[in-house]
2 protein chains.
Amino acid sequence: MASQQNSKLPKNAALVHTFLAKHGSPASAYEILDGLRGKGISAPPTIYRALDQLLARGLAHRVESLNAFVACDHPAHDDANGFAICQDCGSVREFTDPEVVSAVNALAKAQDFDVRHVTIELAGQCAACRDSGSEVSHG
Amino acid sequence: MASQQNSKLPKNAALVHTFLAKHGSPASAYEILDGLRGKGISAPPTIYRALDQLLARGLAHRVESLNAFVACDHPAHDDANGFAICQDCGSVREFTDPEVVSAVNALAKAQDFDVRHVTIELAGQCAACRDSGSEVSHG
DNA sequence: GTGTGATTTGTTATGATATAACATCACAAC
DNA sequence: GTTGTGATGTTATATCATAACAAATCACAC
């Protein structure tokens, strides 16, 4: 259902993917750009094009509520994944949950809606921040 | 769980809410601004402040994947609603679904994540566009 | 009705995110 | 070697959002 493209990853897409994978947490296009200025990349369109290629292959996701991008943990499910975003520490955890997916699919069917992509983003507090009494600063 | 504020809606918030309700589909902050220039509103911060007030009251929602805002259909559930967005005709339908909500809550509990807000956005094709053979133009 | 504080509003400027448009390059197919 | 396609570089600009500060308005005690 995803990752249909088996052709070789273009150079810039590979650079961006590597950057995101190392980064670990979501990065904005401009953070990626800043991180790759030494590698011949100098302008936003280059980043956005590379991101488009990664998104098409399921190798990265856009986190809508952060206007940011992450390398993908499980490319096989890129059309129905989700993110849990801690508002205290900024950590983002990707998940794929069959219960949520089936509930969403049932809903879409009931509404006679042909789903192509599902965005699920949970904003809240992660366990680590709750356990430390919420005094963790954002970053 | 939402709409805790019972104080009177400020003038600009009321203007923006009325605009969104008439508009029917999601509008960007700048579309709202353009629609209200005749009413003494002349700059983006005024719109964003009014939107913040509406969001806090559950009278409007932000559609993350469109960077746009809609008036709310059912204020009682504003922390766990969803949108079905047709990529062909641009229509947006709001929904609240207990199955999806409970699946998300179960997932969050399993992940030990304290959910404050849930974003669910389905992108795809609405029944009307499917039935008309996808030849509907975007707008 | 006057003072006081809180909220709302107006205004200018700027920051942050994303894309249009067009030229060039790399490479495979023929 | 020409042609077609996809990738890349570059400049400029469109779009979305907020910082910072001043002024107006409102609620309410006195």
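All values reported here derive from a predicted model rather than from experimental measurement. Naming: A, B, ... by sequence-line order, numbering from 1 per chain.
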Q: What pairs with B:D52 under salt bridge (charged side-chain N to carboxylate O under 4.0 Å, His left out), at least two apart in sequence or on another chain?
A: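 For B:D52 there are no salt bridge (charged side-chain N to carboxylate O under 4.0 Å, His left out) partners, ignoring immediate neighbours.
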Q: Quick check on DNA chain C: between A:D52 and B:A13, whose nearest nucleotide comes earlier from the 5' end?
A: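 Looking at DNA chain C, the more 5' nearest nucleotide goes with B:A13.
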Q: Rounded to whole angstrom units, what separation is found between the CG atom of A:L51 and the P atom of C:dT19?
A: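 Spelled out: CG on A:L51 to P on C:dT19 is 10 Å.
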Q: Whole-Å distance between C:dT9 P and B:L54 CG?
A: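 These atoms are roughly 11 Å apart.
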Q: For the hydrophobic clusters of this structure (ILVMFWY residues joined by side-chain heavy atoms under 4.5 Å, transitively), does one cluster hold both A:F83 and B:V115?
A: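 Looking at the clustering, B:V115 is in a separate group from A:F83.
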Q: Just to verify, which of A:V16, A:L15, A:I41 counts as forming a side chain to side chain contact (heavy atoms under 4.5 Å, CB included) with A:I32?
A: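 With A:I32 as partner, side chain to side chain contact (heavy atoms under 4.5 Å, CB included) holds for just one option, A:V16.
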Q: To the side chain of A:N67, which of D:dC16, D:dA20, C:dT17 is closest?
A: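 The listed nucleotide nearest to A:N67's side chain is C:dT17.
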Q: Expressed in angstrom and rounded to an integer, what is the separation of A:K11 atom NZ from C:dC27 atom C1'?
A: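 One finds 15 Å between C1' of C:dC27 and NZ of A:K11, rounded.
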Q: Check the side chains of A:E64 and A:T119 for a donor-acceptor pair under 3.5 angstrom, ignoring hydrogens and angles.
A: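 Note: A:T119 and A:E64 side chains miss the donor-acceptor criterion.
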Q: CG of A:L66 versus P of C:dA18: gap in Å, rounded?
A: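 It works out to 11 Å between those atoms.
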Q: Would you jot down, in residue-number order, the residues of residues 20-48 of chain A having a non-hydrogen atom under 4.0 Å from DNA chain D?
A: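 Result for residues 20-48 of chain A: A:G40, A:S42, A:A43, A:P45, A:T46, sorted by number.
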Q: Between the side chains of A:D112 and B:R130, is the shortest nitrogen-to-carboxylate-oxygen separation below 4.0 Å, so that they form an ion pair?
A: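 Yes, B:R130 and A:D112 are salt-bridged.
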Q: Taking only the side-chain heavy atoms of A:Q53 (C-beta and beyond), determine which of C:dA21, D:dC16, D:dA7 contains the nearest atom.
A: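 Out of C:dA21, D:dC16, D:dA7, the nucleotide with an atom closest to A:Q53's side chain is D:dA7.
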Q: Tell me, yes or no, whether the heavy-atom count around B:Q111 atom CD, taken from other residues, nucleotides or ligands under 6.0 Å, exceeds 12.
A: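 Correct, the count exceeds 12.
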Q: In whole Å, I'd like the distance from the CZ atom of A:R49 to the P atom of C:dA21.
A: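 Rounded to the whole Å, the gap is 14 Å.
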Q: Separation of B:N12 atom CG from C:dT7 atom C1', in whole Å?
A: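 Checked: the CG to C1' distance equals 12 Å.
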